[in-house]
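Structure, as structure tokens:
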Amino acid sequence: DQERYVAIQNIVVEMLAVATLDTVDALEPLRETVLTRVSPTAAGTAAVIDAEDRILLMRRSDNGLWNMPGGVLEVGESPADGAVRETLEETGVHCRPIALVGVYDSNVWDIGKPQQIYKFTFLCQPTGEPNSVASHAHESLEVGWFKRDELPVDLYVGHVQRVADAFDMKAGNRAKAHFDVE
């Protein structure tokens, strides 16, 4: 991502030079001021819990670990809409968000990841019948429903707290959304 951002900076400086009839060298100081801010990525995650108090999890193809469905938001997409879209794409399950469980900073919960991601996690209800095939099924090795006391041992560490918070919210034991504070 850093290499791509530097490439984008180069393009911006060159385009600005053409537009302003200035030299690239004269515009170089903008690289350290206006063009320095690299923003964290935003992602939506769905904690889909059914009427039997089971949570929907998927085993990811890239790391073999169980996760809640979710992913990076598209431009113009709300976090809740992104969580719903990603759930359908990755698992074939339709759902609707009912509450914000929390906003989780990957710098706190996903130690060792190079990119900072703000993960908006929503408590969701499944709706309708699942599709037989998810459009991004290549991202999931398998999909399953799990009770709180029967979660897989290979649940991704970055999801452990979020899954617990979602079950607590569903049970009415959590009134406020989680956010990382020190």
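Computed over heavy atoms, backbone and side chain alike; hydrogens, waters and symmetry mates excluded.
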Report yes or no: do [X] and [Y] belong to one cluster of Ile/Leu/Val/Met/Phe/Trp/Tyr joined by side chain heavy-atom distances under 4.5 Å?
{"X": "L123", "Y": "L151", "value": "yes"}
{"X": "M58", "Y": "L56", "value": "yes"}
{"X": "V24", "Y": "V12", "value": "yes"}
{"X": "M15", "Y": "V6", "value": "no"}
{"X": "V101", "Y": "M68", "value": "yes"}

Rounded to the nearest 0.5 Å, what's the gap from [atom1] on [X] to [atom2] on [Y]? Could you check?
{"X": "L65", "Y": "L57", "atom1": "CG", "atom2": "CG", "result": "11.5 Å"}
{"X": "R60", "Y": "Y156", "atom1": "CZ", "atom2": "OH", "result": "9.5 Å"}
{"X": "F179", "Y": "L100", "atom1": "CZ", "atom2": "CG", "result": "11.0 Å"}
{"X": "L88", "Y": "C95", "atom1": "CG", "atom2": "SG", "result": "8.0 Å"}
{"X": "H178", "Y": "T121", "atom1": "NE2", "atom2": "OG1", "result": "9.0 Å"}
{"X": "M169", "Y": "I98", "atom1": "CE", "atom2": "CD1", "result": "9.5 Å"}

Give a yes or no on whether the backbone of [Y] and the side-chain of [X] come within a donor-acceptor separation of less than 3.5 Å.
{"X": "S140", "Y": "E142", "answer": "no"}
{"X": "E89", "Y": "E86", "answer": "no"}
{"X": "H94", "Y": "T127", "answer": "no"}
{"X": "N67", "Y": "P69", "answer": "no"}

Exercise for review: Could you walk me through whether F120 and T45 pass side chain to side chain contact (heavy atoms under 4.5 Å, CB included), step by step?
Suggested key: CA-CA 6 Å; F120 294 83; T45 303; over 6 Å; no

Salt-bridge criterion met for [X] and [Y] (N-O under 4.0 Å):
{"X": "K147", "Y": "D149", "result": "no"}
{"X": "D53", "Y": "K170", "result": "yes"}
{"X": "K119", "Y": "D105", "result": "no"}

Nearest heavy-atom neighbours spanning [X] and [Y]:
{"X": "A43", "Y": "I117", "answer": "CB-CG2, 3.7 Å"}
{"X": "A46", "Y": "C124", "answer": "CB-SG, 3.8 Å"}
{"X": "W66", "Y": "G144", "answer": "CZ3-N, 3.8 Å"}
{"X": "A83", "Y": "F122", "answer": "CB-CD1, 4.1 Å"}

Check your understanding: Given the rule in the side chain to side chain contact (heavy atoms under 4.5 Å, CB included) test, do D168 and R148 qualify, once you have shown the distances and angles that lead to the verdict?
Key -> CA-CA 10 Å; D168 285 347; R148 186 176 196 157; 2.8 Å; yes

Check your understanding: Does some side-chain heavy atom of F167 sit less than 4.5 Å from a side-chain heavy atom of I55?
Key -> yes

Exercise for review: Quickly, which of I49, T91, V48, T87 forms a side chain to side chain contact (heavy atoms under 4.5 Å, CB included) with P126? Name it, please.
Suggested key: V48

Check your understanding: Should the pair Y104 and W109 be assigned to parallel (<30°), tilted (30 to 60°) or perpendicular (>60°) ring geometry?
Key -> perpendicular

Exercise for review: List the steps, then state whether salt bridge (charged side-chain N to carboxylate O under 4.0 Å, His left out) holds for R174 with D165.
Suggested key: CA-CA 7 Å; R174 180 178 202 79; D165 289 349; 3.6 Å; yes

Check your understanding: Checking side chain to side chain contact (heavy atoms under 4.5 Å, CB included) for the pair L27/T20: CA distance, chi angles, key distance, verdict?
Key -> CA-CA 10 Å; L27 297 171; T20 63; 4.1 Å; yes

**Study point:** Quiz item: cation-pi between R54 and F146, 6.0 Å / 45°
**Key:** no

Exercise for review: Begin from the C-alpha positions of D180 and V103 and carry the test side chain to side chain contact (heavy atoms under 4.5 Å, CB included) through to its verdict.
Suggested key: CA-CA 7 Å; D180 299 316; V103 180; over 6 Å; no

